[in-house]
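Since the model is a prediction, treat every value here as computed from it, not as a measurement.
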Amino acid sequence: MGGGDEEEIRGNKKITVGVCVMEKKVFSAPMGQILDRLKAFGEFEVIYFGDKVILEEPIESWPICDCLIAFYSSGYPLEKAEAYAALRKPFLVNELDPQHLLHDRRKVYERLEEFGIPVPRYALVNREEPYQDLDYFIEEEDYVEVHGNRFWKPFVEKPVDGDNHSIMIYYPSSAGGGMKKLFRKVGNRSSEFHPEVRRVRREGSYIYEEFMPTGGTDVKVYTVGPEYAHAEARKSPVVDGVVMRNTDGKEVRYPVLLTPNEKQMARDVCIAFRQAVCGFDLLRSDGCSYVCDVNGWSFVKNSHKYYDDAACVLRKMFLDAKAPHLSSAIPPTLPWKVNEPVQPSEGLTRQGSGIIGTFGQSEELRCVIVVIRHGDRTPKQKVKLKVTEEKLLNLMLKYNGGRPRSETKLKSAVQLQDLLDATRMLVPRYRPGRGSDSEAEDIEHAEKLRQVKAVLEEGGHFSGIYRKVQLKPLKWVKVPKSNGEGEEERPVEALMVLKYGGVLTHAGRKQAEELGRYFRNNMYPGEGTGLLRLHSTYRHDLKIYSSDEGRVQMSAAAFAKGLLDLEGQLTPILVSLVSKDSSMLDGLDNASIEMEEAKARLNEIITSGARKIHSNGTSKCPWMTDGAGLPSNASELLPKLVTLTKKVTEQVRLLAKDEDETLTEASPYDVIPPYDQAKALGKTNIDIDRIAAGLPCGSEGFLLMYARWRKLERDLYNERKERFDITQIPDVYDSCKYDLLHNAHLNLKGLDELFKVAQLLADGVIPNEYGINPKQKLKIGSKIARRLLGKVLIDLRNTREEALNVAELKSNQDKCSKSTKNGKDDKDSAPKFFINGDDTRRSSTTSEISMDQEDDDDKETKYRLDPKSYIKSLTHALFPVFYFIILYLTLCPFRYANVRTPERHVRTRLYFTSVSANHERTNHSLFSCST
């Protein structure tokens, strides 16, 4: 078939296939590949209309054909093509009238919903003219509301015009804010991040829809008729906007397997829009799939298997429509492959070059579970002051619903701006005490207000996630109501607590990225594209969890950037890939009473030098004593620590003096040109310009640096009461380490000696703050770490169950393969085309197994273990395994190659938390085993 000059095929003329599309599309590589294959069957004559005919000649003079390939592209006269189809009535691969729908995203979503195809939650904003005010549209700092439907950031904004590809994603202020603009690929870019843009567009009509986290990967589905679809994954443009390309300059995409539900969705899209050859975008999020865009005629690029399949499916369509009496069975050898040499299979292999285990079996990587602390950060700081000013008390009432006894938390940009405005009004222009008889408390209060103002002004705008303020009412009085009817309570004093600092430094970001890159190169398969291929094909089941602290979230985002080889700012990566779970990864409040007891006992041990052997211990087991690990001369080191702290504080005071006087001479309402914290988040290099100018590194000025050291000096030792506060030792150590690393250019004398003394004390104090003896460590650890360790147990269980399912599946396939071979002669028939052109049994196992088990992961109740059975079950079953996993994955740089088994998933769970929380998990794993 296909040889010679046969004008007739089995007594019939060749079927004519008209290609009525713009020449740019005709001469594309995929179109050429598929049409050449069609012609190779010898049953079809392909007629190219050409641009001149399509654009200039009347439809009556267009070539006559049996089947027509026609679809819209830029400059294409769709109405003219419709008139031709009505005149000649050819078989249409893609019907023409529904193609009008594809130009309006509103109509696309309406049609998808009409056919029951899942779409993201969305709302329409229709404007008849640019910047038209609409009473049903409300925009606030972190959300938009359309007809009462609220969309919290991150959300997606799409023009209703389907040909306008300028799509925006807006990020919440809690993640740093900003906007990412998506667009059609330009070079190696597909999106750009704009940190300064926070307001939505108002010049046209838009669709607002819920942002769907997809793990950094998008799926493109290509149908050829309702019974065939090919799916590919690519790196999502919402993550970093860098297009991954191969050595030929083509975008890197990987074939993926569709679930049965997704196959049905592909069939429904094809039927709903009456487009046999159709591409659409699929979002996989939280175990569900959604269609977010339908593109119309689309072909896969650079896939010869797809070209073969598409040609065969189109051939069957044409024969069924115009020559149903002819057989559409696929010949044993495809015509264009008759003279091709047999190529070795490029499919995924079942056996690889994995590590050989103790018993000689080839090992296969199945699961990576890691608990990771945040990277290098600036010191955490806190300012406490009692306030009686009416402006601040009114602000508290404004944001707590007018309840005089309720606490208020201020964290959003609007709230912090209100506080800054009030503080600027309250900060005195000149410092009290300079030539006046103001009392010490008034001076201290003014200093603290000035410090609050300086902290709030840092960065110029509230884009970060490192500042929050609590206002707690302390005293109330009853006053007459404004309407004269009865009385009401009014607060007259409140405690203001400003927490700030703990910002991930340039070094911390680089540490996290490098660790992520190390994991990618050493913990996962090394052949080919390794982890990136696994992740893009959805065979890498990745979840990243973080506590609520900004430095932890940003560490997680930076690690993900290195792990998945991403580029650009951290905010889009954070929103797309990192899930916050503070209840699982913080939890210090659960053991606050026990920790206070431990600190009280620790203070007694250090100040008195007394030690006590724990009831379960002996003199041969020094780790069983109360306060094990403290230096023997701790009580002697404390006065030295105070003296050295004063020495460093005085030097910083002199450095801050000139800056401070400059500030007080300016108007209290002026905003000092600040260091931009948002830009600092994107840096991985040292601030050379600030260092050259003799300024502190990062976002801290001399005034804040002095406030940090002055507070440490004052809190470490109360001279009036002659009392040490050992809880300040970790903070002194923290500040010393930070300034030695980042402010060495300031040449603070005695800082290195202070660091050595602080380190000696901190190495003993910090571990003991979370339990003064093994019994207490275990008790505190069980309260704090229970949820996380329960979740790890779930992870291990799911991995085991998935491995058993895959093993059972492989066994069944082997049995099926043997029976198929035995009955091959009896069942010799033409192959049928199904979704993905591959064997459907794979997709009905791997993807569904992963998604079903992930449902277990995400149910909070699943890892709320029974406290009574918790110690008994996890202590003896989980901790040795858990502790071994952490050490093994951290210390063993093996590259597992044998995860190429088609049914295999690699489950990765990354839990980012703080140092204190990691102390608890380590204490619990160690002492639960020893006790």
Quiz item: Stepwise, does the side chain to side chain contact (heavy atoms under 4.5 Å, CB included) test hold for Lys640 with Glu753?
Solution: CA-CA 10 Å; Lys640 187 175 183 181; Glu753 186 180 1; 3.4 Å; yes
Quiz item: Does the side chain of Leu754 reach to within under 4.5 Å of the side chain of Leu641, using non-hydrogen atoms?
Solution: yes
Quiz item: Any side-chain heavy atom of Arg490 sitting closer than 4.5 Å to one from Asn394?
Solution: yes
Self-check item: Side chain proximity check, Pro639 to Tyr717, heavy atoms < 4.5 angstrom
Solution: no
Quiz prompt | Sidechain N-carboxylate O distance under 4.0 Å for Asp739, Arg708 | solution = yes
Quiz item: Does the side chain of Gln470 pick up a donor-acceptor pair with the side chain of Glu407 at under 3.5 Å?
Solution: yes
Quiz item: Under the 3.5 angstrom rule, does the side chain of Gln553 hit a backbone N or O of Asp548 as a donor-acceptor pair?
Solution: yes
Practice problem: Compare all side-chain heavy atoms of Arg424 with those of Leu420 and state whether any distance is below 4.5 angstrom. | Solution: yes
Quiz item: Do the side chain of Ser782 and the main chain of Lys779 share a donor and acceptor less than 3.5 angstrom apart?
Solution: yes
Exercise. Please test Val383 against Tyr500 for side chain to side chain contact (heavy atoms under 4.5 Å, CB included), starting from the C-alpha separation and ending with a verdict.
Key: CA-CA 9 Å; Val383 179; Tyr500 64 102; 3.8 Å; yes
Practice problem: Determine whether Lys380 and Arg551 make a side-chain contact, defined as any pair of heavy atoms from C-beta on separated by less than 4.5 Å. | Solution: yes
Quiz item: Do Ile726 and Leu638 come within less than 4.5 Å of each other through their side chains, counting heavy atoms only?
Solution: yes
Quiz item: For the side chain to side chain contact (heavy atoms under 4.5 Å, CB included) test, which of Val387, Leu392, Val452 pairs with Leu426?
Solution: Leu392
Self-check item: Check: Asn400 side chain, Ser406 main-chain N or O, donor-acceptor pair, under 3.5 Å
Solution: yes
Exercise. Keeping the roles fixed (side chain from Glu594, backbone from Gln776), state whether a donor-acceptor pair exists under 3.5 Å.
Key: no
Practice problem: Search all heavy atoms of Leu746 against all heavy atoms of Gly694 and return the closest pair with its distance. | Solution: CD2-O, 3.6 Å
Quiz prompt | Electrostatic pair Lys391:Glu389 at N-O distance under 4.0 angstrom | solution = no
Quiz item: Between Asn743 and Met705, is a side chain to side chain contact (heavy atoms under 4.5 Å, CB included) present by the stated rule, with each step listed?
Solution: CA-CA 11 Å; Asn743 289 323; Met705 186 177 180; 4.0 Å; yes
Practice problem: Could you check whether the rings of His506 and His742 sit parallel, tilted or perpendicular, using 30° and 60° as the cut-offs? | Solution: perpendicular
Practice problem: Show the numbers, then the answer: is there a side chain to side chain contact (heavy atoms under 4.5 Å, CB included) between Ile784 and Met595? | Solution: CA-CA 11 Å; Ile784 294 176; Met595 290 176 65; 4.2 Å; yes
Practice problem: State, to 0.1 Å, how close Gln511 and Asp376 come at their nearest heavy-atom pair, and which atoms those are. | Solution: OE1-N, 3.0 Å
Quiz prompt | Distance-minimising heavy-atom pair for Tyr706 and Ala656 | solution = CB-CB, 3.9 Å
Quiz item: Are more than 12 heavy atoms from other residues, nucleotides or ligands located less than 6.0 Å from atom CD of Glu390?
Solution: no
Quiz item: Does the Ser555 side chain pair with the main chain of His374, one donor and one acceptor, at a distance under 3.5 Å?
Solution: no
Self-check item: Polar side-chain atom of Lys448 near backbone of Lys384 as donor-acceptor pair, under 3.5 Å
Solution: yes
Quiz item: Could you state the interatomic distance from CZ (Arg714) to CG (Asp725), rounded to the nearest 0.5 Å?
Solution: 12.5 Å
Quiz item: Of the non-hydrogen atoms in Thr913 and Val552, which two are nearest, and what is the gap between them?
Solution: N-CG1, 3.6 Å
Quiz item: Charged N to carboxylate O below 4.0 Å: is that the case for Arg377 and Asp734?
Solution: yes
Self-check item: Carboxylate-amine/guanidinium contact Arg653 Glu650, below 4.0 Å
Solution: yes
Quiz item: Is the number of heavy atoms from other residues, nucleotides or ligands within 6.0 Å of CD (Glu487) greater than 12?
Solution: yes
Exercise. Drop me the distance from Arg601's CZ to Asn603's CG, to the nearest 0.5 angstrom.
Key: 10.5 Å
Practice problem: Side-chain contact test, heavy atoms from C-beta onward, threshold under 4.5 Å: evaluate it for Leu637 versus Ile606 and give yes or no. | Solution: no
Exercise. Would you check if the side chain of Glu713 reaches a backbone N or O of Trp709 as a donor-acceptor pair within less than 3.5 Å?
Key: no
Quiz item: Distance from Asp421 atom CG to Leu416 atom CG, nearest 0.5 Å?
Solution: 11.0 Å
Quiz item: Measuring from Lys468:NZ to Leu498:CG, what's the distance to the nearest 0.5 Å?
Solution: 11.0 Å
Exercise. Indicate yes or no for a side-chain donor-acceptor contact from Asn633 to the backbone of Glu636 under 3.5 Å, with no hydrogens or angles considered.
Key: no
Quiz item: Taking all non-hydrogen atoms of both residues, which atom of Leu393 and which atom of Pro491 are closest, and how far apart?
Solution: CD1-O, 3.4 Å
Quiz item: Minimum heavy-atom separation for Val652 to Phe702, with atom names?
Solution: CG1-O, 4.4 Å
Exercise. To the nearest 0.5 angstrom, please state how far the CD atom of Glu447 sits from the CG atom of Leu703.
Key: 8.0 Å
Quiz item: Do any N or O atoms from the side chain of Lys475 and from the backbone of Thr388 form a donor-acceptor pair under 3.5 angstrom?
Solution: no
Exercise. Decide yes or no on ring-ring contact (aromatic ring centres under 6.0 Å, His included) for Phe755 and Tyr733, but give the supporting numbers first.
Key: CA-CA 6 Å; Phe755 173 74; Tyr733 169 71; 5.5 Å; yes
Quiz item: Got a salt bridge between Lys398 and Asp418, using NZ or NE/NH1/NH2 to carboxylate O under 4.0 Å?
Solution: yes
Quiz item: Do Leu585 and Phe912 touch side chain to side chain, with heavy atoms closer than 4.5 Å?
Solution: no
Quiz item: Hey, what do you get for CG (Leu449) to CE (Met425), rounding to the nearest 0.5 Å?
Solution: 13.0 Å
